[in-house]
Enquirer: 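Okay, handing you the structure first.
Residue numbers start from 1 in every chain, and the chains themselves are labelled A, B, ... in the order their sequence lines are given, proteins ahead of strands.
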Protein chains: 2
Amino acid sequence: MDIDDLAIRIPAQDRRALARAITLVESGRADHRAEAAKLLAALPQDGEALRIGLSGTPGVGKSTFIESFGMMLTGMGKRVAVLAVDPSSSRSGGSILGDKTRMDQLSRDPNAFIRPSPSQTQLGGVARRTREAVRLCEAAGYDVVLIETVGVGQSETVVAEMSDLFVLLLAPAGGDELQGVKRGIMEMADVILINKADGELKAAATRTCADYAGALRLLRKRPQDPPDYPCAMTVSALEENGLDKAWQSLTDLAKWRRENGFWDRTRAAQARYWFMEDVKQRLLAQLSEAETKARLDALSDAVAAGEQDPSAAAQAFIEGLRR
Amino acid sequence: MDIDDLAIRIPAQDRRALARAITLVESGRADHRAEAAKLLAALPQDGEALRIGLSGTPGVGKSTFIESFGMMLTGMGKRVAVLAVDPSSSRSGGSILGDKTRMDQLSRDPNAFIRPSPSQTQLGGVARRTREAVRLCEAAGYDVVLIETVGVGQSETVVAEMSDLFVLLLAPAGGDELQGVKRGIMEMADVILINKADGELKAAATRTCADYAGALRLLRKRPQDPPDYPCAMTVSALEENGLDKAWQSLTDLAKWRRENGFWDRTRAAQARYWFMEDVKQRLLAQLSEAETKARLDALSDAVAAGEQDPSAAAQAFIEGLRR
């Protein structure tokens with residue numbers, strides 16, 4: 001399939017074309033990057049998908065939640081894509097989504113598309129690739145794109161930069177303490193879901209939910225929030241309880257933001273952000289090109305040998321690059 | 001003073017020339033960067049100064065330690081420079097070194113040179129500038145360059161990348177717990193000093209020291225360590241106790257590393273590191289130049305308006321840059 005082919009087949013909901021296009025945007029090769037840019041430019045610019053960022057540390061039941069929540073959505077006739085940002089993952093393991101068997105039903109649903117995190121050790125690389133995969137899924141007509149992250153380090157921030165709505169999934173806390181959720185992550189959340197509100201943990205989930213609702217009220221009000229948002233609620237992915245309420249809460253918020261101008265504004269700011277990130281990465285990628293790299297290595301050797309000052313050598317290198 | 005002047009006056013131990021040169025390397029202006037590179041290239045490459053990184057959170061008595069330790073060294077006939085890496089500092093306050101009155105005696109000593117952290121919000125910028133200031137101090141014939149950091153986030157790492165030896169300064173702990181010092185920082189330390197081993201805190205300091213000595217023994221042995229290193233010892237900056245022993249321990253370690261080839265190897269690796277960092281920063285700095293920035297802003301507007309895809313626009317921008 002060439003680029004023109006992909007640009008026709010993706011909007012026609014051809015899953016194989018989508019998968020190949022994602023493989024293309026995941027590649028770091030310069031010619032692939034150029035083809036990917038051509039493909040993305042050929043696809044419709046603004047999609048209608050609801051992009052939902054989902055953060056939750058291991059143990060909160062994220063796979064079970066995605067399975068139940070995704071099945072509910074496909075049951076409503078929606079097409080659902082699930083992507084992941086997990087810089088520590090590799091194809092061989094680590095990523096939750098790498099193990100599709102944990103989302104057994106959803107992975108076999110023809111209206112669902114699950115794609116593990118691209119394997120890459122640099123968060124920046126994973127982020128850019130996933131952001132482009134979101135665009136591709138949107139162009140392929142998915143109604144909801146879930147972007148999950150395990151919430152290590154800065155990964156929430158980059159997921160929030162590619163999401164319309166941000167959901168924080170938590171487990172019931174043992175005591176009445178908030179589970180050491182960093183303030184910065186709390187401030188990103190539009191909806192906090194306390195999972196495992198079932199069986200023995202039900203009471204604890206209700207208590208934890210009240211704690212978080214209280215904590216959210218103490219945060220500074222954000223302009224993009226209607227009254228009663230951000231909010232906290234309990235769900236049970238296992239018993240499929242509360243998932244419809246959570247969905248309602250998300251779609252209500254999305255509707256309000258669209259009607260009040262925040263939707264377009266946020267997407268525009270995000271597009272600017274990714275443009276700048278992409279420019280920076282492409283600029284730095286020049287350093288890996290064979291000819292440039294040879295010159296860089298030679299200068300680095302001279303610097304290591306004490307024959308040249310690092311700053312002076314850097315200056316000389318950059319001047320050479322621009323000639 | 002022009003660059004040739006500075007290149008003569010700095011090795012002649014002209015303090016005013018040194019101060020002006022540091023101001024020059026702190027500047028972000030492209031013409032200043034070019035001049036700074038020229039100056040650094042004109043100065044002798046490898047200095048003989050002992051570069052000591054010093055990390056300690058507020059409250060451990062860092063200013064008092066630098067004052068006492070520095071005065072001891074100048075009393076021994078050594079010339080001492082003190083620099084700081086503190087990305088959160090600004091000229092108006094925040095930095096410990098900004099307030100020279102806290103190192104009253106040392107700041108008036110003709111054989112000491114104290115320079116506050118360059119004001120800058122980006123750690124990368126502060127780090128590069130401080131690294132160049134270290135080179136300048138070395139060229140100006142200082143025997144010891146102390147590089148202090150308050151130890152927030154990644155600042156220890158960048159200080160370690162410009163130091164021959166790394167000292168971690170701690171206060172006595174209340175109980176027998178290790179004071180939540182991150183493992184990564186412990187692993188960087190060559191010598192741990194427990195300060196405030198005086199008065200009521202003396203017993204606690206001894207206990208804390210034993211705890212850290214035990215913890216250090218559990219860490220993986222590093223090739224650059226002779227037997228009995230890394231080590232922990234108590235000092236009292238207030239009563240000027242143990243400072244001579246700490247100095248002995250540092251010079252013994254320095255001697256061993258020089259004799260066993262680790263000294264040159266480390267400096268070579270550090271020079272490579274700073275060369276690459278400098279190349280990356282100069283590459284990205286191109287984006288701030290007027291003509292480039294105008295084109296970048298125009299593309300960013302088109303991206304925000306949905307007229308262009310972020311990746312495709314980035315690709316087009318980079319191609320334009322290289323023509």
Side-chain angles (χ1 to χ4, degrees), chain A residues 25 30 33-46 128-129 131-132 135 264-265 267-287 292 296-297 299-319 321-322, chain B residues 25 30 33-46 128-129 131-132 135 264-265 267-287 292 296-297 299-319 321-322:
Chain A
V25 301
R33 297 291 307 123
E35 284 182 356
K38 198 178 148 206
L39 173 61
L40 288 164
L43 292 169
Q45 275 316 304
D46 200 24
R128 202 258 308 143
R129 290 163 169 77
R131 204 267 168 187
E132 292 177 359
R135 280 274 334 273
D264 294 341
R265 218 177 297 168
R267 285 215 170 176
Q270 289 177 344
R272 282 186 196 273
Y273 172 88
W274 289 106
F275 168 65
M276 278 309 297
E277 286 299 303
D278 206 338
V279 164
K280 287 180 200 167
Q281 282 185 27
R282 283 171 195 268
L283 214 48
L284 295 178
Q286 292 177 30
L287 302 179
T292 312
L296 204 56
D297 288 346
L299 278 169
S300 182
D301 289 345
V303 162
E307 293 157 17
Q308 285 204 45
D309 171 77
S311 304
Q315 173 94 15
F317 173 80
I318 295 288
E319 277 166 8
L321 205 61
R322 306 183 90 176
Chain B
V25 300
R33 297 289 308 123
E35 285 182 356
K38 198 178 146 205
L39 173 62
L40 289 163
L43 292 170
Q45 275 316 306
D46 199 26
R128 203 259 307 143
R129 289 162 170 78
R131 204 267 168 186
E132 292 178 357
R135 280 273 336 270
D264 294 342
R265 216 176 299 168
R267 285 213 172 178
Q270 290 176 343
R272 282 185 197 273
Y273 172 88
W274 290 105
F275 167 64
M276 279 309 298
E277 285 299 302
D278 206 338
V279 164
K280 287 180 200 165
Q281 282 185 27
R282 282 171 196 267
L283 213 49
L284 295 178
Q286 292 177 30
L287 302 179
T292 312
L296 204 57
D297 289 345
L299 277 169
S300 182
D301 289 345
V303 163
E307 293 156 15
Q308 286 205 44
D309 172 76
S311 303
Q315 172 95 15
F317 173 80
I318 295 289
E319 277 166 8
L321 205 61
R322 307 182 90 175

Enquirer: For a quick test of reading the model, state the closest non-hydrogen atom pair linking S311(A) to A37(B) and the distance between them.
Expert: O-CB, 4.0 Å
Enquirer: For M276(A) versus L287(B), what's the shortest heavy-atom pair and its separation?
Expert: CE-CD1, 4.2 Å
Enquirer: Report yes if some heavy atom in the side chain of I318(A) is under 4.5 Å from a heavy atom in the side chain of Q286(B); otherwise report no.
Expert: yes
Enquirer: Side chain, backbone, both or neither: which part of L39(B) has an atom under 4.5 Å from a heavy atom of chain A?
Expert: neither
Enquirer: Can you list the residues that meet the side-chain hydrogen bond (donor to acceptor under 3.5 Å, both in side chains) rule with R131(B), with sequence neighbours excluded?
Expert: none
Enquirer: Taking all non-hydrogen atoms of both residues, which atom of L296(A) and which atom of F275(B) are closest, and how far apart?
Expert: O-CE2, 3.6 Å
Enquirer: Are the side chains of E132(A) and D309(B) in touch, meaning some heavy atoms are under 4.5 Å apart?
Expert: no
Enquirer: Quick check on the interface: out of Q270(A), Q308(A), R272(A), who has the most heavy-atom pairs with chain B under 4.5 Å?
Expert: R272(A)
Enquirer: As an exercise: rank A312(B), S300(B), A302(B) by heavy-atom pairs under 4.5 Å with chain A and give me the winner.
Expert: S300(B)
Enquirer: Tell me, please, which residues at least two apart from D278(A) pass salt bridge (Lys or Arg N to Asp or Glu O under 4.0 Å).
Expert: R33(A), R282(A)
Enquirer: Are L283(B) and L321(A) packed together at the side-chain level, in the sense that at least one heavy-atom pair is separated by less than 4.5 angstrom?
Expert: yes
Enquirer: Quick one: closest heavy-atom pair of A268(A) and A304(B), and the distance?
Expert: CB-O, 3.4 Å
Enquirer: Rounded to the nearest 0.5 Å, what separation is found between the NZ atom of K280(B) and the NZ atom of K280(A)?
Expert: 14.0 Å
